Amino acid sequence: MTWCERITQGLQSRQQADAYRRRRAIIGGNGRCLRYRGRQYLNFSSNDYLGLARDPNIIAAWGRGASAHGVGSGGSGHVAGYSEVHQALEQRLAGWLGYERALLFNAGYAANQGLVAALVEKGDMVLADRLSHASLLEAALLSPGQLRRFHHNDPDSLRRLAQTECSGNRLAITEGIFSMDGDSAPLVDLQRGITDAGGWLLVDDAHGFGVVGEQGRGSAWRQGCHPDLLVVTFGKAAGVAGAAVLCAEPVAEYLLQYARHLIYSTAMPPAQACAINASLDAIIGGDELRAQLGRNIARFRTGAADLGYRLAPSASAIQPLLVGDNLRALELTESLRERGCWLTAIRPPTVPAGSARLRITLTAAHQSADIDKLLEALDAVRRPA
Ligand SMILES: *Cc1c(COP(=O)(O)O)cnc(C)c1O
């Protein structure tokens, strides 16, 4: 098959499966309301859980950072791109989250890839929750280790797999709060299961950081768990972009030697680190934002249950409504958009086959009237029983 034939066929197969993806040029996709083709919608698709992407203090910090340090970092952190600003942010994160070290990455995707690629060698076993984010599963697949998937949020399943023969080291991988399901992992039991087999636990807390735990320290903190490796990202609740790996001192030094995503990539702009630092202030002082988010989640869940919707077991800002069929999920998002509510259909391969869903995300920026408008729309589009 030639390149052109392969591409034509690949596009057709996505179209036939109602799984074709397209982007839309949206204005204000991080806000409470967004605009698309001249029309305004309530935004239920953003991961800006605390509404910080438009926070004036964070915007000002980014601006001041750019004035003081310029816009680009100038290079990899191993050359000239690492500054006092980066260092101060790493130290602050490490101290706040209870780790010896933090290393900044440009994205959660890069952090997961770089971490797993640097650590996992031939003979090792990577044990991942089967619903883990693509960046984690793909990192494990690309690694020379063997990938085994354990049942979702099932410590016994992890323990059984972890006890099987392995000549190297074992690394268990999970998320704090799952990106497509919104449920939380039982981190203490998972850690016990992997630690008893002599392995380490990696927790990717992209959706818990900033949102849960004391001052927003995340899922692990909330559960009293201290994973060997913790990944936090700054593109979701922090409202900016970037990520950090939290770990012990020797691990950080090891990553600085072997994590190619750090070594061969331009460091994040110092101004961005200034913005993340300001965002940390907002997160730490963000109890009222978290309380507002909690009220929105409760209002949505009560209302949707009253309408007869079967809710996922999610207490988080991610509230999936399972639809199953791809085309039906697309039709529903279209109908909801006609009613002024913007949300996204999530289809395979992002989620398992047959589990297409509407992924509703709630934020602290939503007002109770917004939630009511969403519920009204969901009532109107409900398939007659
Ligand atoms: C969004 C996400 C990532 C990727 O983080 P980026 O900073 O957006 O690259 C990684 N893991 C999980 C669980 C995510 O939801």
Side-chain angles (χ1 to χ4, degrees), residues 28 30-34 42-61 92-93 96-98 175-179 181-185 187 203 205-225 230 232-240 275-306 309 311-321 341-343 359-376 378:
N30 56 9
R32 173 184 154 245
C33 297
L34 61 79
L42 281 169
N43 181 5
F44 295 102
S45 277
S46 151
N47 293 327
D48 181 27
Y49 301 124
L50 298 181
L52 294 181
R54 287 160 177 268
D55 182 279
N57 293 329
I58 302 173
I59 295 168
R92 183 181 187 199
L93 279 166
W96 185 56
L97 292 169
E175 292 178 35
I177 292 175
F178 280 82
S179 56
D181 294 78
D183 54 348
S184 299
L187 296 178
V203 174
D205 203 24
H207 299 276
F209 177 75
V211 184
V212 301
E214 187 196 352
Q215 293 185 328
R217 285 184 179 88
S219 307
W221 189 279
R222 174 170 60 169
Q223 297 185 35
C225 167
L230 174 66
V232 298
T233 70
F234 307 122
K236 285 157 185 160
V240 189
I276 295 168
N277 191 49
S279 176
L280 269 189
D281 293 336
I283 285 172
I284 290 169
D287 281 347
E288 184 41 48
L289 294 175
R290 284 181 285 274
Q292 178 61 35
L293 175 60
R295 286 190 290 273
N296 288 341
I297 294 168
R299 193 177 187 94
F300 172 78
R301 285 185 66 84
T302 308
D306 285 348
Y309 275 95
L311 290 165
S314 162
S316 73
I318 302 161
Q319 292 291 329
L321 289 183
C341 294
W342 189 278
L343 36 79
R359 181 175 183 269
I360 297 169
T361 48
L362 305 172
T363 79
H366 288 129
Q367 303 167 1
S368 42
D370 302 340
I371 309 294
D372 294 347
K373 181 139 189 250
L374 172 63
L375 290 166
E376 275 167 36
L378 283 169

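The analysis underlying the following values was restricted to heavy atoms, covering all of them including side chains, and did not include hydrogens, waters or symmetry mates. It should be emphasised that the depicted structure is a prediction, and the values quoted were computed from it without experimental measurement.
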Next on the checklist: When you measure from the side chain of N296 to the backbone of H366, do you find a donor-acceptor pair of N or O atoms at a distance under 3.5 Å?
Outcome noted: yes
Checklist entry - Counting only N and O atoms by type, is there a donor-acceptor contact under 3.5 Å from the side chain of R32 to the main-chain atoms of Q367? => result no
Item to check | Heavy-atom donor-acceptor pair, R299 side chain to I371 backbone, under 3.5 Å | outcome: no
Checklist outcome for this item: Nearest heavy-atom contact between G210 and L50 is O-CD1, 3.3 Å
Item to check | Backbone of A275 reached by a side-chain donor or acceptor of S279 within 3.5 Å | outcome: no
Checklist entry - Can you check whether L42 reaches C33 side chain to side chain, under 4.5 Å on heavy atoms? => result yes
Next on the checklist: Could you check whether any side-chain heavy atom of L52 comes within less than 4.5 Å of a side-chain heavy atom of I283, counting everything from C-beta outward?
Outcome noted: yes
Checklist entry - Has the side chain of R290 got a donor or acceptor atom that lies under 3.5 Å from a matching backbone atom of A364? => result no
Checklist entry - Which distance, rounded to the nearest 0.5 Å, do you find between the CD of E214 and the CD1 of I284? => result 10.5 Å
Checklist entry - Taking C-beta and beyond as the side chain, do W96 and Q215 meet within less than 4.5 Å on heavy atoms? => result yes
Item to check | D205 versus S219, side-chain donor and acceptor atoms under 3.5 Å | outcome: yes
Checklist entry - If only atom types and distance count, is the side chain of E175 paired as donor or acceptor with the main-chain N or O of H207 below 3.5 Å? => result no
Next on the checklist: Between L321 and Q319, is there a side-chain heavy-atom distance shorter than 4.5 Å?
Outcome noted: no
Checklist entry - For the side chain to side chain contact (heavy atoms under 4.5 Å, CB included) test, which of D370, L375, L374 pairs with D372? => result L375
Checklist entry - Nearest heavy-atom pair of L187 and V203: which atoms, and what distance? => result CD2-CG2, 3.7 Å
Item to check | Side chain proximity check, D281 to N57, heavy atoms < 4.5 angstrom | outcome: no
Checklist entry - Does I318 reach the side chain of Y49, with side-chain heavy atoms less than 4.5 Å apart? => result yes
Item to check | T361 side chain to N47 backbone, donor-acceptor under 3.5 Å | outcome: no
Next on the checklist: Measuring only between side-chain heavy atoms, which start at C-beta, is F209 closer than 4.5 Å to L97?
Outcome noted: yes
